[in-house]
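So the structure is just underneath, and the comments pick up after that.
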Amino acid sequence: QVQLVESGGGLVQPGGSLRLSCAVSGSGFTIYAMGWYRQAPGKQRELVASSDGRTTYADSVKGRFTISRDNAKNTVYLQMNTLKPEDTAVYYCNARIRTVALPARDYWGQGTQVTVSS
């Protein structure tokens, strides 16, 4: 059974930094892409950054956030710098994974709260 486990959220002041991590656990799987989404109160979930051999960023985070992957550890990271109050949201890890039993589909982490406030 594939699971995505996130860590690294919290409360930070404007201008500060946080690093989110998401590890995929299980066996017999192949990861095709990984990424991060976020959902603020009253808003739709939106893509923040993705990595599938190339990286993609939302315009609102370009130059401030960096996505990276450690394929040996099946882990994706999101380094968030120069955080702004509008970055406050629940951040979700996403991975497109194929297992021995199922075709490729999206899996989601449990979400981690990021709050940017003074």
Side-chain angles (χ1 to χ4, degrees):
Q1 184 176 359
V2 172
Q3 286 187 317
L4 276 60
V5 180
E6 304 174 23
S7 60
L11 172 65
V12 64
Q13 292 186 342
S17 298
L18 282 175
R19 188 192 195 207
L20 305 183
S21 300
C22 172
V24 180
S25 64
S27 62
F29 60 84
T30 301
I31 301 172
Y32 292 104
M34 299 188 81
W36 292 92
Y37 287 71
R38 68 185 180 187
Q39 188 167 18
K43 295 187 176 181
Q44 290 188 330
R45 190 173 297 189
E46 63 174 358
L47 174 69
V48 176
S50 65
S51 173
D52 60 357
R54 58 181 179 177
T55 56
T56 301
Y57 294 97
D59 288 343
S60 60
V61 307
K62 283 181 181 176
R64 300 188 297 121
F65 291 11
T66 302
I67 188 171
S68 61
R69 288 172 63 173
D70 184 335
N71 291 328
K73 296 182 179 179
N74 296 319
T75 299
V76 64
Y77 305 96
L78 185 68
Q79 178 67 44
M80 305 185 292
N81 299 328
T82 320
L83 282 159
K84 304 176 181 180
E86 51 263 43
D87 294 318
T88 296
V90 178
Y91 283 69
Y92 296 92
C93 175
N94 167 271
R96 178 157 288 263
I97 296 172
R98 177 177 60 84
T99 68
V100 295
L102 294 171
R105 70 174 184 90
D106 286 335
Y107 290 80
W108 294 90
Q110 78 278 11
T112 185
Q113 177 71 45
V114 171
T115 302
V116 185
S117 175
S118 54

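The hydrophobic cluster containing Leu18 also contains Val61, counting ILVMFWY residues as joined when their side-chain heavy atoms lie under 4.5 angstrom apart, directly or transitively.
Between the Thr75 side chain and the Lys73 main chain, a donor and an acceptor come within less than 3.5 Å of each other. A donor-acceptor pair under 3.5 Å is formed between the side chain of Tyr57 and the backbone N or O of Ile67. Listed for the Thr112 side chain is a donor-acceptor partner under 3.5 Å among the backbone atoms of Gly9. Side-chain atoms of Glu6 come within 3.5 Å of backbone atoms of Gly111 as a donor-acceptor pair (strictly under, hydrogens ignored).
Inter-residue side-chain proximity for Cys93 and Trp36 is flagged as met; some heavy-atom pair is nearer than 4.5 Å. Side-chain contact between Ile97 and Leu4: present, with at least one pair of heavy atoms (C-beta onward) separated by less than 4.5 Å. Residues Glu46 and Arg38 have side chains in contact (heavy-atom distance under 4.5 Å, counting atoms from C-beta outward). Between Pro14 and Pro85 there is a side-chain heavy-atom pair separated by less than 4.5 Å. Two residues are said to be in side-chain contact when any heavy atoms from C-beta on lie closer than 4.5 Å; Phe29 and Val100 fail this criterion. Using a 4.5 Å cut-off on side-chain heavy atoms (C-beta onward), Thr66 and Leu78 make no contact.
Atom-to-atom distance recorded for Leu20:CG and Gln79:CD is 9.0 Å, nearest 0.5 angstrom.
Neither side chain, Glu86 nor Thr88, offers a donor N or O lying under 3.5 Å from an acceptor on the other.
With Ser50 as the fixed residue, the side chain to side chain contact (heavy atoms under 4.5 Å, CB included) test singles out one of Thr56, Val76, Thr55, Asn94: Thr56.
Note on residues 56-70: pairs passing salt bridge (charged side-chain N to carboxylate O under 4.0 Å, His left out), not counting sequence neighbours, are Asp59-Lys62, Arg64-Asp87. Here salt bridge (charged side-chain N to carboxylate O under 4.0 Å, His left out) pairs that include residues 90-102, with residues two or more places apart or in two chains, are Arg96-Asp106.
Classified by interplanar angle (parallel below 30°, tilted 30° to 60°, perpendicular above 60°), the ring pair Tyr91/Phe65 is tilted.
Scanning for side-chain hydrogen bond (donor to acceptor under 3.5 Å, both in side chains) contacts around Gln110 gives an empty result, with sequence neighbours left out.
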Practice item. Any chance you could lay out the side chain to side chain contact (heavy atoms under 4.5 Å, CB included) test for Gln3 and Tyr107, step after step, and finish with the verdict? Key: CA-CA 8 Å; Gln3 286 187 317; Tyr107 290 80; over 6 Å; no
Check your understanding: Under the side chain to side chain contact (heavy atoms under 4.5 Å, CB included) criterion, do Leu11 and Ser117 qualify, and how do the steps go?
Key -> CA-CA 7 Å; Leu11 172 65; Ser117 175; 4.2 Å; yes
Point to revise | Criterion side chain to side chain contact (heavy atoms under 4.5 Å, CB included) on Ile31 and Val24, from CA distance to verdict | key: CA-CA 9 Å; Ile31 301 172; Val24 180; 3.9 Å; yes
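Closest non-hydrogen pair, Gly109 versus Tyr92, comes out as O-CD2, 3.8 Å. For Cys22 against Met34, the heavy-atom pair with the smallest separation is O-CE, 4.2 Å.
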